[in-house]
Amino acid sequence: MSLITYRQALNDALRAELARDDTVILLGEEIGIFEGSYKITAGLLAEFGPERVRDTPIAEEGFVGAAIGAAMLGMRPVVEIMTLNFSLIAMDQIVNHAAKIYGMFGGQTAVPLVIRMPGGGGQQLAATHSQNLEVWFAHVPGLKVVAPSTPADAKALLTASIRDNDPVIFLENLSLYNTKGEVPDGEHVAEIGKAAVAREGSDLTVIAYSRATTVALQVARQLADEGISIEVVDLCSLRPLDRETVCASVRKTSRAVVLEDDWLSYGVGAEISATLMEGAFDYLDAPVRRVAAAEVPLPYAKPLELAALPDANDLIKVIRELLDATRFSPQATGAIATDTR
C-alpha cells in the first residue's frame, strides 16, 4: 500500500494503462505540454510522446467526436474535458453518438471511450464553472457513469473504465484532488456498478458519492463519539446503480439520508429515494431524507458559495431530526411513543 493523493492515483492509472496497451491514447486541451489544468497528466507526454498524448484545440465537440471515431476503429481514447461544464458543448457527441452507436448498429462496433471531467463547487469558479451535472449523464442508457471518492477507488475505477468496452463518464470533484489515501500497489481493477459500504453502522444509512462520501464519513466519525452508529454507502457508480447494496443497508438500519452535491430536484437523491420505496419500504421507520445543494446558480462570493453547498452541519441536522422522529416510535422500540423533550 502507498499513501498518495487522488491526483497521483489518477496519474498512476493513466501511466499504467498507456504502458500496458498501445491502443490507449489521451486527448484534451493542454494535457501535453502544460500537463493538464490540474496536472493529472503530468509527465505523460515526455514518457509516451505526442502520438499517445495529444493536445487538442479548444473545441470539445470536435475532439470528443474524434475520440468516438477512434474508439470505433479500435483505439481506447481517454478524453480530458477541462471542466464538466464544458461538456455541454459536446453533449450531442456524448448523448447522440457515444451512448447510442453500439445499439443503433446492432453491436457491430463498440465505443471504448473514457471522458474524464472535473467538476463541483467550492473553488470560487462561479456559476458556469461549478456545476454537478452527473444526473444528466446518468439518465442516458448506453453511458456508464462513475464518481470515485477516494484515491484507491479513483485508480481502480479509472483502470476499469479504460478497459471497459462501453463509453464511461468519469467524474472527479475538484476538492478531492489533494486528498490522500492508501492505494494498493500494482494493478487493482474495480467493478463498475458496485457500491461500497465505506463504514459499517446500525442506526442510520447515509448514501453518498464523490466528495459527499468524504463529508458523510466525517459526520459518521463525529457522531460515533455520541454513540450514534452511522453506516455510509459510497455509490461509486451512478450508472449502473447498485440498488441492492443500498437497499440491503437500509433494510438493516431502517433509516436513510442521501447526501449529494447536485441540486435537490430530480437529482441522485430522488432516484435513491424511489429505489428505497421499491426495495426497502417495509423496513423504513421514516421517510428517506435528502441533503443537497441550494437550487440556485452557484454564487461567486465565497460565503454565499459555501452556504449554497451541503456540508457536515447540514447533514448532522437532518440526521438528528430523523433519529429524534423515530428513536422512540413503536416501530423502533416496540413501546408506546413518548415525547421526552
Side-chain angles (χ1 to χ4, degrees), residues 134-135 138-139 145-147 149 153 191-210 212-292 310 312 314-341:
E134 48 267 28
V135 290
H139 181 65
V145 182
V146 299
S149 64
D153 285 343
E191 179 183 351
I192 295 176
K194 184 65 175 174
V197 177
R199 183 184 176 98
E200 297 274 356
S202 58
D203 293 331
L204 179 147
T205 298
V206 176
I207 301 116
Y209 62 94
S210 191
T213 298
T214 65
V215 176
L217 288 169
Q218 172 192 340
V219 166
R221 290 189 292 268
Q222 179 177 336
L223 293 181
D225 294 336
E226 303 176 24
I228 299 172
S229 178
I230 302 297
E231 180 147 303
V232 177
V233 174
D234 185 356
L235 292 176
C236 300
S237 171
L238 303 182
R239 180 181 277 271
L241 181 61
D242 186 357
R243 301 177 193 272
E244 180 51 41
T245 295
V246 171
C247 288
S249 176
V250 175
R251 291 188 201 115
K252 180 175 73 170
T253 66
S254 298
R255 304 171 183 89
V257 178
V258 188
L259 176 65
E260 55 190 319
D261 271 328
D262 59 349
W263 297 301
L264 186 77
S265 296
Y266 309 101
V268 173
E271 182 64 28
I272 296 298
S273 298
T275 293
L276 292 172
M277 289 300 98
E278 295 166 356
F281 176 78
D282 290 338
Y283 296 81
L284 284 168
D285 286 342
V288 178
R289 295 290 302 272
R290 294 179 287 159
V291 181
D314 297 324
L315 179 58
I316 290 171
K317 178 177 181 291
V318 170
I319 288 173
R320 292 194 189 283
E321 290 174 354
L322 190 53
L323 291 174
D324 287 345
T326 61
R327 187 182 293 276
F328 301 106
S329 70
Q331 295 88 347
T333 67
I336 297 174
T338 303
D339 188 346
T340 61
R341 291 170 295 176

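When reading the values below, keep in mind they use all heavy atoms of this one structure, side chains included, and skip hydrogens, waters and symmetry mates.
You'll find the side chain of V246 stays beyond 4.5 Å of the side chain of T205, heavy atoms only. Between R290 and V318, every side-chain heavy-atom pair lies at or beyond the 4.5 Å cut-off. Under the 4.5 Å side-chain criterion, counting only non-hydrogen atoms from C-beta, S210 is not in contact with D261. When side chains are defined from C-beta on, L315 does not count as touching P310, because their heavy atoms never get closer than 4.5 Å. The side-chain heavy atoms of V288 and V250, taken from C-beta on, include no pair separated by under 4.5 Å. Counting heavy atoms from C-beta outward, I272 and L241 have side chains that approach closer than 4.5 Å. Using a 4.5 Å heavy-atom threshold, the side chains of I192 and P240 count as touching. Y266 has its side chain out of reach of H139: every pair of non-hydrogen atoms, C-beta onward, lies at least 4.5 Å apart.
Under the salt bridge (Lys or Arg N to Asp or Glu O under 4.0 Å) criterion, K317 pairs with E321, sequence neighbours left out. By the salt bridge (Lys or Arg N to Asp or Glu O under 4.0 Å) test, R320 is found to be paired with E226, residues two or more places apart in sequence or in another chain being considered. Under the salt bridge (Lys or Arg N to Asp or Glu O under 4.0 Å) criterion, E260 pairs with no residue at all, not counting sequence neighbours.
The only member of V215, I319, L259 that meets side chain to side chain contact (heavy atoms under 4.5 Å, CB included) when paired with V291 is L259. R251 pairs with exactly one of C247, S254, S249 by the side chain to side chain contact (heavy atoms under 4.5 Å, CB included) rule, that one being C247.
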Please walk me through it: do D234 and T213 pass side chain to side chain donor-acceptor pair (under 3.5 Å)? CA-CA 6 Å; D234 185 356; T213 298; 3.2 Å; yes

Could you go step by step and tell me if E231 and T253 meet the side chain to side chain donor-acceptor pair (under 3.5 Å) rule? CA-CA 8 Å; E231 180 147 303; T253 66; over 6 Å; no

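E134 has no carboxylate O lying under 4.0 Å from a charged side-chain N of R239, or vice versa, which leaves the two without a salt bridge. A salt bridge links K252 to E200: one of the charged nitrogens lies within less than 4.0 Å of a carboxylate oxygen.
Side-chain atoms of R199 do not come within 3.5 Å of backbone N or O of L217 as any donor-acceptor pair. In this structure, R255 contributes its side chain and L204 its backbone to no donor-acceptor pair below 3.5 Å.
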